[in-house]
Amino acid sequence: MIDMWDDEKIHAFQKTLLKWYDEAGRSTLPWRADHSPYRVWVSEIMLQQTQVSTVIPYFNRFMQAFPTVDDLAKAPEADLLKAWEGLGYYSRVRNMQKAAQQIVNDFDGAWPNTMQTLEALKGVGPYTAAAIASIAFNEPVAAIDGNAFRVFARLFEIDADIAQPATRKLFFELGNQIIDQERPGDFNQAIMDLGSSYMSAKNSDPAHSPVREFDASYQNGTTDLYPVKSKAKKAKPVHYAAMVIKNDDTYLWEKRPEIGLLANFWTVPLFNIDDFVNDRDVNWSETEIQNALEKQLFEQYGVKVDLTKRNLAPITHIYTHQKWFVSVFEGTVVQDQVPKQGEWKTMTDLNRDPQPKIQEKIWKKLS
DNA sequence: TATCCGTGGAT
DNA sequence: TATCCAAGGAT
């Protein structure tokens with residue numbers, strides 16, 4: 001199992017780590033300017049599965065637009081999604097608003113101030129709760145994110161698979177044993193800074209790490225073996241026809257379902273055409289696919305359409321579990337009529353809605 | 001427990 | 001190009 005350090009070594013590690021953090025940590029990150037729970041929380045949610053350099057401009061704009069938890073609680077959802085547009089994992093911002101309303105309504109505006117009570121907030125799991133509790137409220141709990149998994153796995157040569165949810169408990173208990181009791185928030189952030197520099201996933205430099213004396217994997221030359229992580233499944237290919245249908249100066253536009261991928265986002269109609277696609281590339285009879293698409297537009301949307309252009313070279317867009325191949329079709333309505341499903345909107349109107357990246361790619365593909 | 005949920009960057 | 005990684009959480 002784990003070759004646990006004695007108290008003396010733990011204290012030496014804390015001292016070495018925090019000394020380095022004070023001298024070389026990323027002190028200029030905007031969410032480190034102060035440790036108010038609101039700022040810490042917003043930054044932690046944005047940073048989930050998202051790189052620091054990506055988050056910085058979003059964070060600054062978000063704090064301008066929604067300076068307090070009250071502002072966030074009462075903001076229109078469209079404004080929130082527009083502020084989040086391009087960040088991905090959009091349920092994060094929807095859950096954030098629900099959590100803001102929990103704080104305002106259920107807790108009378110007072111922040112929960114322990115890891116355990118913070119986990120009651122929507123979208124706040126074990127990692128984020130520990131991060132807020134330690135950074136904003138000085139509670140000595142380990143925040144186990146991807147960095148902490150990697151750093152601890154290397155320091156102690158831990159062979160448990162970090163892709164297994166059950167492994168989180170092991171790392172959490174280890175972290176709680178070595179966390180600095182006086183400066184838990186700085187300790188957690190120091191581990192993250194270490195994990196994004198000397199002990200990063202790629203281009204690590206353990207020989208110059210401030211904690212190399214404590215790094216068993218470096219001492220034994222096994223850095224590349226840690227962390228142990230099982231491989232993710234490959235994304236499943238899915239084929240769509242994007243229907244860009246014009247009616248004078250408007251386009252056919254519809255809202256996606258409330259749950260699932262890109263929930264509630266507006267896009268042009270996207271038809272699944274896996275049935276028309278052979279193996280790995282478009283391979284269909286021209287008249288067959290064209291007739292099928294026009295038929296579906298009439299039956300599902302109630303509009304008669306003349307398809308005029310097609311782009312057989314598909315756009316590709318990769319999600320975590322799906323790889324989309326999107327062929328863009330253009331057409332015009334034969335006669336003006338109100339659609340059974342979706343709406344006609346001008347380009348000006350639809351640019352006001354937040355759009356997923358795939359929709360941007362579709363617009364760019366138009367001839 | 002396994003799967004789902006976006007996007008951008010690095011190699 | 002394919003793959004992995006990036007301050008995870010909900011179901």
Picking from C:dA7, C:dA10, B:dT7, the nucleotide nearest the side-chain atoms of A:Pro356 would be B:dT7

Given B:dG6, C:dG8, B:dA2, identify the nucleotide with an atom nearest to the side chain of A:Asp145. C:dG8

Look at all strands and tell whether A:Leu29 reaches a base, only sugar-phosphate, or nothing, counting heavy atoms closer than 4.0 Å. base

To the nearest Å, how far apart are A:Tyr127 OH and C:dA7 C1'? 3 Å

Would you call A:Lys246 and A:Glu330 a salt bridge, taking side-chain N to carboxylate O under 4.0 Å as the test? no

Sugar-phosphate, base or nothing in reach of A:Lys229, heavy atoms under 4.0 Å: sugar-phosphate

For B:dG6, does OP1 or OP2 lie under 4.0 Å from any side-chain N or O of A:Gln48? no

Check whether any side-chain heavy atom of A:Phe59 sits under 4.5 Å from a side-chain heavy atom of A:Leu29, and report yes or no. no

A:Lys233 has its side chain closest, among C:dC4, B:dT3, C:dA6, to B:dT3

Using a 3.5 Å limit on both distances, find every run of at least three consecutive Watson-Crick or G-U pairs that involves DNA chain C. B:2-5 with C:8-11, B:7-11 with C:2-6

State which of B:dT7, B:dT1, C:dC4 makes the closest approach to the side chain of A:Lys357. B:dT7

Check whether any side-chain nitrogen or oxygen of A:Arg150 sits under 4.0 Å from OP1 or OP2 of C:dC5, and answer yes or no. no

Calculate the interatomic distance between A:Ile358 atom CD1 and B:dT7 atom P; express it in whole Å. 9 Å

Answer with base, sugar-phosphate or nothing: what part of the nucleic acid does A:Ala201 contact at a heavy-atom distance below 4.0 Å? sugar-phosphate

Using a 4.0 Å heavy-atom cut-off across all strands, classify A:Gly195 as base, sugar-phosphate, or nothing. nothing

Are the charged groups of A:Lys236 and A:Asp274 less than 4.0 angstrom apart, N to O? no

Taking only side-chain nitrogens and oxygens of A:Lys202, does any of them come within less than 4.0 Å of OP1 or OP2 of C:dC4? no

Whole angstrom value for the distance that separates P of B:dA10 from CD of A:Gln49: 18 Å

Decide yes or no for A:Lys82 and A:Pro354: does some side-chain heavy atom of the first lie under 4.5 Å from some side-chain heavy atom of the second? yes

A:His321 side chain near B:dC5 phosphate (N/O to OP1/OP2, under 4.0 Å): no

With rounding to whole Å, what would you report as the distance between B:dA10 and C:dA7 at their P atoms? 14 Å

Are the side chains of A:Met243 and A:Leu293 in contact, using a 4.5 Å heavy-atom criterion? yes

If you look at every strand shown and take non-hydrogen atoms under 4.0 Å, does A:Asn188 touch a base, only sugar-phosphate, or nothing? nothing

Could you tell me whether the phosphate oxygens of B:dT7, OP1 or OP2, come under 4.0 Å of any side-chain nitrogen or oxygen in A:Tyr90? yes

Over all strands shown, is A:Thr320 touching base, sugar-phosphate only, or nothing at heavy-atom distances under 4.0 angstrom? base

d(OH, A:Tyr58; C1', C:dA7) in whole Å: 17 Å

Taking only N and O in the side chain of A:Asn203, is any of them less than 4.0 Å away from OP1 or OP2 of B:dT11? yes

Atom CG of A:Asn95 and atom P of B:dC4: how far apart are they, to the nearest Å? 19 Å

Round to the nearest Å and state the distance from A:Ile318 atom CD1 to C:dA6 atom P. 18 Å

Can we call the ring centroids of A:Tyr319 and A:His317 under 6.0 Å apart? yes

Between atom CD in A:Glu44 and atom P in C:dG9, what is the gap in whole Å? 9 Å

Nearest whole Å is fine: how far is B:dA2 C1' from A:Lys231 NZ? 19 Å

Across the strands shown, which category fits A:Lys323 at heavy-atom distances under 4.0 angstrom: base, sugar-phosphate, nothing? sugar-phosphate

Using a 4.0 Å heavy-atom cut-off, does A:Ser43 contact any base of the nucleic acid, only the sugar-phosphate backbone, or nothing at all? nothing

Please tell me if A:Thr50 has a side-chain N or O lying less than 4.0 Å from either OP1 or OP2 of B:dG8. no

